[in-house]
Amino acid sequence: MTATRPSAELAIETLGLTKRFGAHAAVDGIDLAVPRGAIFGFLGPNGSGKTTTIRMMLGLASATSGDIRMLGRDMPRDLHQVLPRIGALVEGPAFYPFLSGAANLHRLDTADRFAPASTRRARVNVALERVGLTHAAGKKVRAYSLGMKQRLGIANALLTPRELLVLDEPTNGLDPQGTREVRRLVRSLAEEGTTVFVSSHLLAEVEQMCTHAAVMSAGSLVAQGTLEDLRHVGEARVSVRTPDAVIARGLLANLGLALDFSGPEAQSPDPEADEVVSASLVDRGMAPEAIVAALVTGGVRVRGFTMEDASLEDRFVALTGEGFDIAQ
Ligand SMILES: Nc1ncnc2c1ncn2[C@@H]1O[C@H](COP(=O)(O)OP(=O)(O)OP(=O)(O)O)[C@@H](O)[C@H]1O
Ligand SMILES: [Mg+2]
């Protein structure tokens, strides 16, 4: 690939990455750019292509077309050089249920030919400690809850220091306390300089944990950038509280605002009762005072007025056409 961009600064870069299952494009030509040092949220509803993308990045599935660079190396060509530098959790590694958590980690660490045997025990203990599983180290994985298995998967990704962690829905099955712990863990890893790429279908989680995000919808990448960028693209919302809702709607529409609903006007039983008229400000150059002035001049009794950026949630719902589960 010709380096027109400073790819060395990107931990992950994909160009036109595509995966087809028969005629269906599960991942459809996506260009991801994950800067080094970022906590990058890979957000999208169920079935939008997150896991498929991650599997291709890690060489677990082949791409139908497109390029992938991980830590500056081509994948899957340089897989053997690059994988030891990456910790990954994808749909949980297969643990032996009849072995303890610690014994499972020992086994997985043994499989890593770069991991020195002499420090294995210490490595396993530190990883278990980091994910809060020290108390259950000797317990058989058969008796682990889903959340404990998920933590063990993260511990596995942390066995050796990594430049990049790729975590597919790491908080799946965790309770709110466990979710907070993972969030804290991810942040502390990022502070140590690890780039973290983390998928989620929970917008709130990405907002609380990440510096950057990309949004997937039905296999396509529909937005990407810093959380700050993503908050500032799109529309502002205007709400007017007034008893003169019909006139207000007409005036806002004349100003070029997009009204929230424009069906037949419901006749309020009390003509003096306040109603709230909401609209999106498509032209963000318009000042709130100009809107209020137009309303007042047009005879609208403005009893309340707010103008605010659409929430990230509104924006992502608009981008993906689907609701995000924002519950913790
Ligand atoms: N091996 C496969 N064969 C056929 N279709 C597949 C296969 N793997 C995934 N898909 C399809 O690809 C699409 C994307 O799936 P993927 O698992 O990547 O989504 P996801 O974003 O990870 O979803 P979730 O949030 O549920 O984990 C889905 O329509 C899925 O049915
Ligand atoms: Mg998935």
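Numbers here simply count residues along the sequence, with the first being 1. For ligands, and for the atoms within them, numbers begin at 1 and follow the listed sequence.
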Between the side chains of [X] and [Y], is a donor N or O closer than 3.5 angstrom to an acceptor N or O?
{"X": "R237", "Y": "S280", "result": "yes"}
{"X": "R55", "Y": "T53", "result": "no"}
{"X": "R130", "Y": "S188", "result": "yes"}
{"X": "T171", "Y": "E205", "result": "yes"}

I'd like to know whether D74 forms a side-chain contact (heavy atoms from CB on, under 4.5 Å) with I68, so could you lay out the CA-CA distance, the side-chain angles of the two residues, the decisive distance to 0.1 Å, and finally the verdict. CA-CA 6 Å; D74 285 328; I68 308 172; over 6 Å; no
Considering all heavy atoms, the nearest C210-I39 contact: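 What the structure gives for the nearest pair is CB-O, 3.2 Å.
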Write none if no such pair exists; otherwise list each N/O atom of ligand 1 with its protein N/O partner under 3.5 Å and the distance.
unit_1	atom_1	unit_2	atom_2	d
ligand 1	18 (O)	T51	N	3.4
ligand 1	18 (O)	T52	N	2.9
ligand 1	18 (O)	T52	OG1	2.5
ligand 1	19 (O)	G49	N	3.3
ligand 1	21 (O)	S48	N	3.2
ligand 1	21 (O)	S48	OG	3.4
ligand 1	21 (O)	G49	N	3.0
ligand 1	21 (O)	K50	N	2.9
ligand 1	21 (O)	K50	NZ	2.9
ligand 1	22 (O)	T51	N	2.9
ligand 1	22 (O)	T51	OG1	2.8
ligand 1	23 (O)	G47	N	2.7
ligand 1	25 (O)	N46	ND2	2.9
ligand 1	25 (O)	K50	NZ	2.8
ligand 1	25 (O)	E169	OE2	3.3
ligand 1	26 (O)	N46	ND2	3.2
ligand 1	29 (O)	H24	NE2	3.4

Should the heavy atoms of other residues, nucleotides or ligands under 6.0 Å from CZ of R121 be counted, would the total exceed 12?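 Open.
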Ion pair check, K50 and D168, cut-off under 4.0 Å: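 Looking at K50 and D168, the cut-off is not met.
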Mind listing the protein N/O/S atoms less than 2.8 Å away from the Mg ion (ligand 2)? Waters don't count.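 Listed by chain and number, the atoms are T51 OG1.
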Classify the ring geometry of F40 against H212: parallel below 30°, tilted from 30° to 60°, perpendicular beyond 60°.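 Correct class here is parallel.
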